[in-house]
Amino acid sequence: MLINLRDICSIAEQGNMAIASINTPSLEAVRAALDAAEETGYPVIISHAEGHDPFAPLDYMGPTMVALAERSSALVCVHLDHCEHLSYMRRALEMGFTGAMYDGSFLPYEENVDNSLRASEMCSGFDCGLECELGSMGSREAGSRDEGGTAEESCAVYTDPDQAAEFMSQTNLDVLACSFGTVHGIYKGEPHLSFDTLAGIREKVNVPLVMHGGSGVSNEDYVKVINAGIRKINYYTYGVKYAGEAVGKLIADRRAVKSDAVVYWHDITTAAYEVLFSTFCDVIKVFSNGADPMK
Ligand code: 13P
């Protein structure tokens, strides 16, 4: 059942939990995320990033995500992630997306404000909540999967709580993505999150907060950020890393028994689906932070 970004985040607020916002640039990932939401009984956000368009075009993924979300028994928000072009956002809205992120975090502040306002005007004509970002993660979700490392290496700019309050008063967004130490991609060593920055933002900003670069973070830190007010956690890289490793192992195991063993495409997609499903079940449960399931 479709739900918009505002309403799904207010469920998270009431339950002191975070909703998993899972990038799903393949049919296996869409299935796994929806099945995991139904299995665990928690709402989920399935997300399409503009930067994934070259290998998962919106024209194919968007209508598939909306149709499967509509018929799911779980509450599902279909969300556009890291959109940098308003014309692209309009296409997603016309397909029935119920959440959208305008990402102007790489732009000068005033330009970010102007474009975020234009995005909010566009979303107001649809049943769609808007997320915007202030501060910068440094590495783009859109970029190569070799990005990542540490927040410093990625040239991340932590969100300034006072500027966040100003940003809120100048734009009309529903949820705010903020930067406080996570990065997109693979972490080099343990991520070091700035809980002081997060507490400062929470004090000044009264909308649900979003953590990007959410895979690869310890369960302990997930619980800490949720208790500090994070209501949406974006999750991608480590899920697809685990799926890739499972596929590699499947091929290696078969070839160890018989060097010319045939591995079919459906063997690969099945192995990937299974790992994605169990990974998504695990993170959805951790992000629920002990809230009762909705089934
Ligand atoms: P990771 O790719 O680090 O999991 O982050 C996902 C994300 O923030 C998508 O917007």
Side-chain angles (χ1 to χ4, degrees), residues 2 4-6 8-9 19 21-26 29-30 33 45-66 69 76-145 147 159 167-168 170-179 182 184-185 207-214 232-237:
L2 269 179
N4 73 37
L5 184 65
R6 273 184 302 277
I8 209 167
C9 287
I19 307 292
S21 182
I22 299 171
N23 289 99
T24 55
S26 66
V30 179
I45 299 170
I46 53 174
S47 224
H48 171 81
E50 183 180 353
H52 292 173
D53 203 270
F55 58 89
L58 178 64
D59 283 339
Y60 290 84
M61 296 313 300
T64 306
M65 289 163 71
V66 172
V76 184
C77 169
V78 178
H79 184 68
L80 181 63
D81 191 30
H82 289 290
C83 178
E84 297 183 19
H85 301 93
L86 294 175
S87 55
Y88 193 88
M89 184 176 284
R90 176 166 288 284
R91 283 171 54 204
L93 295 178
E94 285 171 354
M95 286 174 189
F97 277 49
T98 55
M101 174 197 194
Y102 173 71
D103 183 1
S105 62
F106 288 87
L107 299 173
Y109 178 78
E110 293 304 338
E111 233 176 294
N112 190 4
V113 170
D114 287 350
N115 288 353
S116 299
L117 254 181
R118 287 171 61 203
S120 110
E121 279 159 18
M122 197 188 284
C123 287
S124 67
F126 298 85
D127 181 22
C128 180
L130 178 69
E131 170 183 345
C132 297
E133 179 164 338
L134 186 69
S136 172
M137 308 279 305
S139 56
R140 279 177 149 93
E141 177 58 36
S144 127
R145 296 263 53 82
E147 284 185 305
T159 306
F167 190 64
M168 294 304 307
Q170 291 174 312
T171 55
N172 202 12
L173 55 90
D174 298 298
V175 300
L176 179 70
C178 41
S179 166
T182 54
H184 291 122
V207 295
L209 302 177
V210 181
M211 180 169 93
H212 283 248
K232 170 175 179 281
I233 298 180
N234 286 23
Y235 191 98
Y236 179 59
T237 300

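A distance of 8.5 Å separates OG in Ser47 from CZ in Phe97, rounded to the nearest 0.5 Å. For the atom pair OG of Ser120 and CG of Leu130, the computed distance is 6.0 Å after rounding to the nearest 0.5 Å. One finds the CD1 atom of Ile46 at 4.5 Å from the CE atom of Met65 (value rounded to the nearest 0.5 Å). For the atom pair CG (Asn23) and NE2 (His79), the distance works out to 9.0 Å, reported to the nearest 0.5 Å.
The side chain to side chain contact (heavy atoms under 4.5 Å, CB included) search around Asn112 returns Tyr102, Ser116, Leu134, Phe167, not counting sequence neighbours. In this view, Tyr60 satisfies the side chain to side chain donor-acceptor pair (under 3.5 Å) rule with no residue, not counting sequence neighbours. Evaluation of the side chain to side chain donor-acceptor pair (under 3.5 Å) rule for Thr159 yields no partner, not counting sequence neighbours. Taking the salt bridge (Lys or Arg N to Asp or Glu O under 4.0 Å) definition, one finds that Glu110 meets it with nothing, sequence neighbours left out. For Asp127, the side chain to side chain donor-acceptor pair (under 3.5 Å) partners two or more places apart in sequence, or in a different chain, are Asn4. Contacts of Glu111 classified as side chain to side chain contact (heavy atoms under 4.5 Å, CB included), with partners at least two apart in sequence or in another chain: Leu107, Pro108.
Thr24 contributes no side-chain N or O that, together with a main-chain N or O of Val30, makes up a donor-acceptor pair within less than 3.5 Å. Under the 3.5 Å distance criterion, the side-chain polar atoms of Asp103 are left unmatched by any main-chain donor or acceptor of Glu84. Between the side chain of Thr98 and the backbone N or O of Leu5, no donor-acceptor pair lies under 3.5 Å.
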Derivation and outcome, side chain to side chain donor-acceptor pair (under 3.5 Å), residues Tyr88 and Asp53: CA-CA 10 Å; Tyr88 193 88; Asp53 203 270; 2.4 Å; yes

Met95 vs Leu58, test: side-chain contact (heavy atoms from CB on, under 4.5 Å). Steps then yes/no. CA-CA 9 Å; Met95 286 174 189; Leu58 178 64; 3.7 Å; yes

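Screening His212, Glu131, His48, Glu50 for a side chain to side chain donor-acceptor pair (under 3.5 Å) with His82, the sole residue that qualifies is His212.
Few gaps surround CZ on Arg91; more than 12 heavy atoms of other groups in view lie less than 6.0 Å from it.
A 4.5 Å side-chain heavy-atom check between Thr182 and Met137 finds at least one atom pair inside the cut-off.
Minimum heavy-atom separation, Ser179 to Ser136: OG-O, 3.0 Å.
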